[in-house]
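A, B, ... follow the sequence lines: proteins, then strands. Residue 1 opens every chain.
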There are 2 protein chains.
Amino acid sequence: MTVGVRHDDLRRRNRAMVLAAVRRLGQLSRTEIAAATELSNSTISAISADLIAEGTLVEAKAPEGVLARRGRPQVALGLNPARASVAVVVLTLNQLWATLVAYDGAVTREETTRLPTLTMGRDALVGAVVDAIEKLASGGQPPARIVLAVQGITDAGGTRMLWSPITPHADIAFGPLLAARFDAPVTVQNDCNMIAVALKWRWPQRYRDDFFAILLSDGIGMGLMQKGQLFTGTHSSGGEFGHMIHRPGGALCRCGRLGCVEAYAGSYAVVRAAAGGGENDAPPADIPEAEIEALADRARAVDGPERAAFMRAGEAIGYGLGSLFALFDPAPVAVVGPGALAFDMLEQPIREAIAQTAGGQHSGAISFATEPDEMPLIREGSAMTALTALDEEISAPVAAASARREVA
Amino acid sequence: MTVGVRHDDLRRRNRAMVLAAVRRLGQLSRTEIAAATELSNSTISAISADLIAEGTLVEAKAPEGVLARRGRPQVALGLNPARASVAVVVLTLNQLWATLVAYDGAVTREETTRLPTLTMGRDALVGAVVDAIEKLASGGQPPARIVLAVQGITDAGGTRMLWSPITPHADIAFGPLLAARFDAPVTVQNDCNMIAVALKWRWPQRYRDDFFAILLSDGIGMGLMQKGQLFTGTHSSGGEFGHMIHRPGGALCRCGRLGCVEAYAGSYAVVRAAAGGGENDAPPADIPEAEIEALADRARAVDGPERAAFMRAGEAIGYGLGSLFALFDPAPVAVVGPGALAFDMLEQPIREAIAQTAGGQHSGAISFATEPDEMPLIREGSAMTALTALDEEISAPVAAASARREVA
DNA sequence: GCCCATTTTTTCGAGCCTCGAAAAAATTAA
DNA sequence: TTAATTTTTTCGAGGCTCGAAAAAATGGGC
């Protein structure tokens with residue numbers, strides 16, 4: 001049950017700390033690493049020598065146009081891009097985005113493929129992912145890790161996609177299938193969780209330990225950072241904000257249930273409501289983005305059913321956030337995805353709704369930021385997820401590394 | 001930012017592991033501790049010698065009627081009750097429960113005081129807590145730690161009570177006040193969180209890493225264990241399940257807002273609804289338990305407004321749980337407090353409501369257990385919270401301990 | 001009763017790891 | 001060219017854990 005700390009763990013952890021510092025802060029001298037990790041210079045000297053010998057870190061040549069001070073110049077250490085590479089695949093409705101990322105985080109190769117995800121067979125879908133990764137890796141070193149980001153629900157272990165709106169097929173074990181094919185660890189991740197990870201990397205001062213990332217798109221998703229950790233469910237990717245119940249017995253949701261937040265705030269729900277249809281009408285599928293923008297323009301111009309639809313969407317999101325704040329406490333919110341383009345209409349009803357809830361006590365202090373383009377975030381978050389996992393893996397084999405060094 | 005692991009941490013952590021193993025599993029021989037912690041016998045020998053020399057552990061004399069095997073008999077180590085004691089104070093409506101607990105977890109002294117919490121002044125309330133602890137500690141060693149459990153919201157740091165239904169006074173800094181008076185660390189904890197802690201200690205196989213403890217009383221509270229850790233908000237004790245919004249603009253809650261779960265499921269809400277009053281009537285205060293039992297009996301006997309009130313309560317709880325499950329995934333639920341006595345009427349509407357939600361996918365697998373008496377759990381959870389914090393504190397001073405040993 | 005088998009616990013030396021201090025290295029300023 | 005300065009490495013000390021061996025403490029069998 002409770003497991004003691006062995007002696008080898010110490011080195012492993014400190015190696016991990018060094019890698020984490022370099023990954024987060026970029027090129028750092030040994031002295032700077034010592035300051036960041038609070039380890040002694042001698043320890044950093046030893047660890048970085050190991051990491052350089054292994055090819056994990058490299059000494060940067062140019063000290064950059066840094067003003068030359070007196071004394072021995074610092075030599076910056078950086079992640080060795082050639083150390084390994086990771087593959088990121090993002091699967092969305094009718095599209096597949098594949099990216100190869102070097103160990104230092106630089107994007108090496110990118111491919112985008114269109115494919116009919118809603119009508120494809122299960123095996124064809126898996127095959128498409130395999131093909132994409134194969135194409136990425138062709139001619140280069142095989143990826144050391146693979147992250148597949150999907151809309152929908154994944155399992156907490158990251159081995160399978162349990163359900164996704166992009167395909168009628170449920171419970172696809174992408175993890176084992178890809179791992180067997182490419183002989184590398186694979187994790188399947190929820191797209192919104194990757195957005196949250198990316199926000200933290202990209203704007204660490206704004207999105208530090210606690211924040212909500214709400215994806216407003218066809219569906220409604222959420223990624224949540226709590227106490228510096230990505231929040232996940234106990235069995236699944238969790239955080240299904242869009243399927244919290246806003247109005248019991250209310251509007252028909254794409255998931256088949258009634259009254260979910262998404263059934264009011266998903267773009268299909270807005271389109272349905274604006275069209276004046278009953279809230280239990282089957283939701284329209286695959287709405288072109290242009291249609292929604294036209295709807296938003298109309299809503300801004302005229303106080304008609306379109307505007308009412310956006311107001312109802314904002315209200316649903318606001319009440320949902322209020323319940324969320326009752327559980328997690330208020331924190332900054334990032335509104336991501338196409339829906340962010342209509343946030344000017346959503347903000348007021350959202351704030352009004354939150355003010356009606358327990359989370360509204362400090363409603364003035366709740367800050368919203370918008371980011372309409374979600375794809376770069378999903379890819380960046382996935383890449384960082386893969387790379388930090390790789391860092392952990394690289395930190396482990398102390399025995400192997402020191403043995404190799406002795407031989408040399 | 002990222003901080004490396006120093007060498008001293010190693011011993012400290014392993015000492016903590018040893019204490020945790022003995023606390024969780026009871027009297028253990030050195031060999032058993034080694035097995036539980038996965039540390040070597042030699043390490044356990046060294047650590048336990050230190051802990052015994054400090055007076056933290058003691059060798060148990062009687063090997064109990066354990067069947068005598070061949071070989072050197074194991075000598076069990078246990079927590080030394082005289083090592084320290086902790087004080088637990090539970091503040092509820094009109095009552096104060098104080099308990100002194102020895103280091104091994106045995107209850108040494110208990111006191112219960114009645115007091116008019118709703119009408120008392122702020123200082124009088126603090127004074128009552130001080131008096132209770134003074135009385136507990138009189139004649140013995142001063143408590144090494146104090147835990148104060150209260151209904152309502154506390155801050156995440158455990159220093160203050162932000163809001164409680166038992167008093168009109170908000171934001172009382174019990175922590176600093178008591179700490180200054182008794183020269184010991186103090187934490188202020190939410191009662192439902194303490195229930196969750198207690199459930200985990202008392203039935204570790206049933207309530208392991210993930211479960212919900214729902215307190216059904218005058219108000220509705222929740223304690224939540226997620227991934228083995230007590231869930232708390234980022235700024236407050238969090239998990240205000242009772243104030244998630246069940247029906248936007250719905251029934252008037254004790255908190256002043258409309259449509260909270262508690263406004264349907266708190267006992268005041270059930271009484272109000274059963275009495276046929278409007279759902280926006282001011283909620284009745286301080287309902288005697290007998291009245292509620294009579295209401296429940298009536299509801300069981302006749303299909304009238306009383307039964308409808310319980311059904312509506314169950315529905316609110318069920319929808320709330322459904323939203324909770326959408327975020328955290330389904331997990332076992334413990335229904336604690338007086339409301340558990342009416343759970344026979346609540347279960348069906350709860351299950352029906354959950355089945356209407358995203359969390360209902362596995363609604364058959366969701367298990368409920370009831371525990372009508374919440375006070376023993378609150379006290380036990382508070383005591384274990386104090387004692388495990390003390391264990392951590394005791395694990396730290398390695399340098400001091402070994403220095404002392406050298407002198408001897 | 002005595003000796004042996006058996007199991008627990010302690011002791012001891014080896015191997016790592018981190019740290020502080022001192023030495024070495026690599027510059028700029030004078 | 002030398003002195004000052006800053007970074008990095010080296011070296012020895014001190015801790016910690018571990019495995020193996022020794023010591024301790026008991027029951028079983030003759």
* To do: Return the value, rounded to whole Å, for the distance between atom CZ of Arg11(B) and atom P of dC18(D).
  => 10 Å
* In terms of heavy-atom contacts, does CD of Gln229(A) have more than 12 from other residues, nucleotides or ligands at under 6.0 Å? -> no
* Give the rounded distance in Å between these two atoms: CG of Leu57(B) and P of dT9(C). => 13 Å
* Want to settle it: does Thr43(A) or Arg72(A) sit nearer the 5' end of DNA chain C, counting the closest nucleotide to each? -> Thr43(A)
* To do: Whole angstrom is fine here: how far is it from CZ in Arg12(A) over to C1' in dT17(D)?
  => 16 Å
* Structure fact -> Only residue of Leu19(B), Thr56(B), Val86(B) satisfying side-chain contact (heavy atoms from CB on, under 4.5 Å) with Leu390(B) is Val86(B)
* For Ile44(A) and dT10(D), give me the distance from atom CD1 to atom P, rounded to whole Å. => 15 Å
* Indicate, with a heavy-atom threshold strictly under 4.0 Å, whether Thr31(B) touches base, sugar-phosphate, or nothing. => sugar-phosphate
* Asked: Out of dT18(C), dT17(D), dA25(D), which nucleotide sits closest to the side chain of Leu10(A)?
  -> dT18(C)
* Which pair of heavy atoms, one from Met194(A) and one from Ser382(A), lies closest together, and at what distance? -> CG-OG, 3.4 Å
* Distance, rounded to the nearest Å, where Asn41(A) contributes CG and dC19(C) contributes P -> 10 Å
* **N or O in side chain of Arg30(B) less than 4.0 angstrom from dT10(C) OP1/OP2** => yes
* Asked: Using a cut-off of less than 4.0 Å, is there contact between a side-chain N or O of Asn14(B) and OP1 or OP2 of dT17(D)?
  -> yes
* Asked: Does the side chain of Thr43(A) come under 3.5 Å of the side chain of Ser40(A) through a donor N or O and an acceptor N or O?
  -> yes
* Asked: Looking at dC16(D), dA25(D), dA21(C), which one has an atom nearest to any side-chain atom of Ser42(A)?
  -> dA21(C)
* Asked: Does Gly71(A) or Ser29(A) map to a spot on DNA chain D nearer the 5' end, using the closest nucleotide for each?
  -> Gly71(A)
* For the pair made of CZ in Arg15(B) and C1' in dC16(D), what is the distance, rounded to whole Å? -> 13 Å
* Structure fact -> Per nearest nucleotide of DNA chain C, the residue lying toward the 5' end, Ile47(A) or Arg70(A), is Ile47(A)
* Asked: How many Å lie between CD on Glu59(A) and P on dA26(C), as a whole number?
  -> 11 Å
* Asked: Given dT8(D), dT11(C), dC19(C), which nucleotide is nearest the side-chain atoms of Ser45(B)?
  -> dT11(C)
* Asked: Should the ring pair Phe231(A) and Phe328(A) be called parallel, tilted or perpendicular, given that the plane angle runs from 0 to 90° and is split at 30 and 60?
  -> perpendicular
* To do: Could you check how far CD of Glu32(B) sits from P of dT7(C), rounded to whole Å?
  => 15 Å
